[in-house]
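Throughout, a chain's letter reflects where its sequence line sits, starting with A, and its residues are numbered from 1. Everything numeric in this text was worked out from a predicted model, so none of it was measured.
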There are 2 protein chains.
Amino acid sequence: MSGSDVLAARFDHWQGAGFDPARCPVRDVLDHIGDKWTTLILIVLAEKARRFSEMHRAVPDISKRMLTQTLRNLERDGMVTRHVFPTKPPSVEYRLSPLGLSVMSPLAELIEWAESRHAEIQQARARFDAAMSQSQAVLQIETVVR
Amino acid sequence: MSGSDVLAARFDHWQGAGFDPARCPVRDVLDHIGDKWTTLILIVLAEKARRFSEMHRAVPDISKRMLTQTLRNLERDGMVTRHVFPTKPPSVEYRLSPLGLSVMSPLAELIEWAESRHAEIQQARARFDAAMSQSQAVLQIETVVR
DNA sequence: GATGACAGGTCTATAATAGAAACCATTCAA
DNA sequence: TTGAATGGTTTCTATTATAGACCTGTCATC
């Protein structure tokens, strides 16, 4: 409730500015954070610096390709730094930058919200799906009768 | 920093539980919020209840299909309610539910973070891209020399 | 009475993206 | 000599997003 009005005003401002997506932080920044894997990777890195394969083991169902891509994007955005050590075979360590660390606090609040409302959301989904299959069934009958 | 440790512990817990994606709120809930349009739609609805075409005008570069889909998902998750009025032609109004309203506060913090760090992120991107085109150029030369 | 505008969508065809699996170069151990 | 581990890249396919045409219905305009 407190945030809504501030956001609404801000939105009007963006909209007034011709609505250039590049000037809208929501779209330019949060699109990445909303990526399928980015939040998870940030959480994993928040615990401690990690190596590539270590992260792959921590999040088993990400493909290497997606892991690479997610890390590259985070690196490009300055949220993560990449350090190569000349061991044999070479090892690569990723860690959160100060910028990356700074997103964890707002992100943590959102995650806590998600966790506390998870059951409620799942119930809403079940209700919606039940109502849908109801009306679907009605449509079926109507089609048959027709 | 404060959020990191809490999150790390929580992550360990999820991971211990066999890592079922359906039991991980981050993946089950935030994936939706991270959708390309969902956050924007939430912001638009935070200002006031709106009709379909009104939203389409507010966010001109969303397609009707995506607007429909985004709204359906939000409705399914119980974040938005849909009200049909028997005017001619019928009008449909969408509004935030209490649940939808409750996400605005953590979301607002994240958006504020995005706004305050936007410039920093854009600079990081520019640096990264410059460094990349550098090394790309080097690769080109090496290839030519070879 | 044909034409267009608005409402709130759906349908289809194409473009962009994600994902699985194979591959690669290097090094060490068995 | 085969196998495993390192940190990826490449290729091919499956999924998803998007644009744009279309639809049903009512009203106003010409």
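In this entry the distance linking CG of B:N73 with C1' of C:dG9 reads 16 Å, nearest Å. Straight-line distance from the NE2 atom of B:H56 to the P atom of D:dT18: 12 Å, rounded to whole Å. If you measure from atom CD1 of B:I62 to atom P of C:dG8, you get 15 Å, rounded to the nearest angstrom. In this structure, CD of B:Q69 is placed 11 Å from C1' of D:dT18, rounded to the nearest angstrom. Atom CZ of B:R57 is separated from atom P of C:dG9 by 14 Å (rounded to the nearest Å). Between the NE2 atom of A:H83 and the P atom of D:dT6 there is a distance of 19 Å, given to the nearest Å. The distance from atom NE2 of B:H32 to atom P of D:dT16 is 11 Å, rounded to the nearest whole Å. In this entry the distance linking CE of B:M66 with C1' of D:dT15 reads 12 Å, nearest Å.
Using a 4.0 Å heavy-atom distance criterion, A:F85 is classed as making no nucleic acid contact. Note on A:S91: only backbone sugar-phosphate atoms sit closer than 4.0 angstrom, heavy atoms only; bases stay farther off.
Residue order along DNA chain C, read from the 5' end via each residue's closest nucleotide, puts A:W37 first among A:W37 and A:K64. Remark on DNA chain C: of its neighbouring residues A:D35 and A:P89, the 5'-side contact belongs to A:D35, judged by nearest-heavy-atom nucleotide. Closest-nucleotide positions on DNA chain D for B:K36 and A:E93 were compared, and the one nearer the 5' end corresponds to A:E93.
Under the 3.5 Å distance criterion, with hydrogens and angles disregarded, a donor-acceptor pair is assigned to the side chains of B:H83 and B:T81. Side-chain N/O atoms of B:R50 and B:Y94 include no donor and acceptor closer than 3.5 Å.
At a cut-off of 3.5 angstrom, counting only N and O atoms as typed in the model, there is no donor on one side facing an acceptor on the other between the side-chain of A:R65 and the base of C:dT17.
B:E120 is listed as a side-chain neighbour of A:L99, based on a closest heavy-atom distance under 4.5 Å. Side-chain contact check for A:L42 versus A:L107: some heavy-atom pair is nearer than 4.5 Å.
Using a 4.0 Å cut-off, no side-chain N or O of A:R51 falls inside it from OP1 or OP2 of D:dA5. Phosphate proximity of D:dT6 to A:S53: present, with a side-chain N or O under 4.0 Å from OP1 or OP2.
A:L96 and A:A46 make their closest contact through CD1-CA, 3.8 Å (heavy atoms, listed as atom of the first residue, atom of the second, distance).
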